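Counting starts at 1 for both ligands and their atoms, following the listed order. From a predicted model like this one, the values you see are computed outputs, not experimental measurements.
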Amino acid sequence: MMKIPVAKPFLGKEEAQLAYDTILTNWVTQGPRVAEFEEKFASYVGSKYAVAVSNCTTALHLAMIVAGVGEGDEVICPSMSYIATANCIKYVNAKPVFAEVNPVTYNIDAADVVKKITSKTKAILIVHQIGMPADIDAFRAICDEHNLILIEDAACAAGSSYKGKKIGSHSDLVCFSFHPRKVITTGDGGMVTTSNEAYYNRIKLLRQHGMSVNDRVRHLSDKVIIEDHLEVGFNYRMTDIQAAVGIKQLERLDGLIEERRKIAHRYQKELADLSMIRLPEEPEGFFTSYQSFSIYLKPECSLGRNDVMQKMLDAGISTRRGVMTSHRESAYAEECKGLSLPMSEDASDRSIVLPLYVPMSDEEVTYVIKHLRRILEA
Ligand SMILES: *Cc1c(COP(=O)(O)O)cnc(C)c1O
């Protein structure tokens with residue numbers, strides 16, 4: 001029997017060597033590697049600036065702050081997302097207002113967002129669901145019309161693109177994750193991209209305790225500099241050891257996505273005739289990283305989601321449930337009592353994430369397809 005994990009990061013000797021070299025320079029945080037990773041990431045996505053932070057959740061927190069979201073404000077976001085999407089709104093004492101997702105890409109639904117705008121709405125936080133871009137132009141138009149700020153949770157979307165441009169270049173607050181479950185990783189890590197200089201400067205400040213001079217500037221100066229702390233900030237730094245790994249991972253990103261898409265296309269082709277499942281679709285102009293490959297079990301399927309997952313595991317194949325909904329988690333159950341999001345709930349309850357990682361051999365992909373077919377056709 002084969003043993004197939006649902007995901008694994010692609011990390012090579014080069015990453016280990018770069019981390020090793022960085023350690024031996026003795027400059028292990030807020031140094032040249034972080035600066036280099038930021039420059040390369042900004043250039044890769046096509047934004048003016050990028051700021052490296054400790055993870056995507058802290059990236060989102062800083063995005064909320066610089067967007068001016070605070071007490072009494074509402075931010076519209078999908079419930080169907082990892083819970084960090086909603087939590088970052090709570091961190092600034094604002095209220096997440098959960099909108100539905102659309103049935104094709106499971107991305108936040110523009111028509112439902114419009115219905116949920118009130119006089120308290122300050123921003124819309126869209127999520128590029130498991131790498132599939134949300135329809136950014138539609139949300140841009142809504143934000144322009146209602147004078148709202150657009151923020152992108154692009155945790156899974158490094159390397160994805162929308163209408164020919166990489167995610168990270170379309171709006172001024174785009175937040176990425178480098179957790180090992182994403183396409184590229186720095187262990188933990190995150191990035192905010194922006195082309196807005198004021199946002200850029202404030203995010204840099206807030207990431208490091210609100211300190212007026214960063215370590216690099218002070219270190220390189222031949223004059224004594226006494227720093228001030230301009231506002232209450234945070235320690236949301238990425239280390240240089242992580243950034244060194246990130247630089248190599250970024251070089252690999254397009255190649256990794258190409259490999260992921262080959263595997264996804266085999267799933268698409270070789271599972272297409274199974275009438276009891278629905279496969280992901282990539283609309284024209286949308287390009288997904290396939291951070292995950294999620295299938296939907298139609299209601300006519302006689303097996304439940306957990307049964308399918310268990311039978312796959314019995315064959316040595318790990319799967320995961322699809323994307324969660326935040327409004328049904330204990331942390332939100334009280335404030336969301338009575339809230340019904342049937343589309344999101346159904347999509348979440350009936351989805352299964354199949355194994356997808358690089359390198360995944362042809363035999364492994366064949367094995368997953370064979371067993372899924374056997375289980376569903378029984
Ligand atoms: C992974 C993920 C996050 C959290 O990223 P971290 O780097 O672990 O903080 C936030 N939002 C979405 C949609 C995610 O998938």
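- Nearest-heavy-atom check against atom 13 (C) of ligand 1 across D153, T58, T186 picks out D153.
- Annotation: F176 is in aromatic contact with F41 [ring centroid separation under 6.0 Å].
- Looking at E227 and R218, a side-chain N of the basic residue comes within less than 4.0 Å of a carboxylate O on the acidic one, giving a salt bridge.
- Side-chain rings of F10 and Y357 stay apart, their centers remaining 6.0 Å or farther from each other.
- Between C77 and I89, the closest heavy-atom pair is SG-CD1, 3.8 Å.
- Close approach to C156 involves these atoms of ligand 1, each under 4.0 Å from a residue heavy atom: 15 (O).
- Nearest to atom 1 (C) of ligand 1 by heavy-atom distance, out of H179, K182, R181, is K182.
- Applying the 4.0 Å criterion to heavy atoms of V127 picks out, from ligand 1, the atoms 13 (C).
- Under the 4.5 Å side-chain heavy-atom criterion for ILVMFWY residues, no single connected hydrophobic cluster contains both F178 and Y236.
- Interface of S81 with ligand 1, defined as ligand atoms under 4.0 Å from a residue heavy atom, comprises 13 (C).
- Below 4.0 Å from some heavy atom of T57 lie the following atoms of ligand 1, by number and element: 4 (C), 6 (P), 9 (O).
- Here atom 12 (C) of ligand 1 lies nearest to A155 when heavy atoms of C77, A155, G190, S177 are compared.
- Within the cation-pi definition used here (under 6.0 Å to the ring centroid, within 45° of the axis), K166 qualifies as a partner of Y44.
- For atom 5 (O) of ligand 1, the closest non-hydrogen atom of the protein is C56 CB, 3.3 Å.
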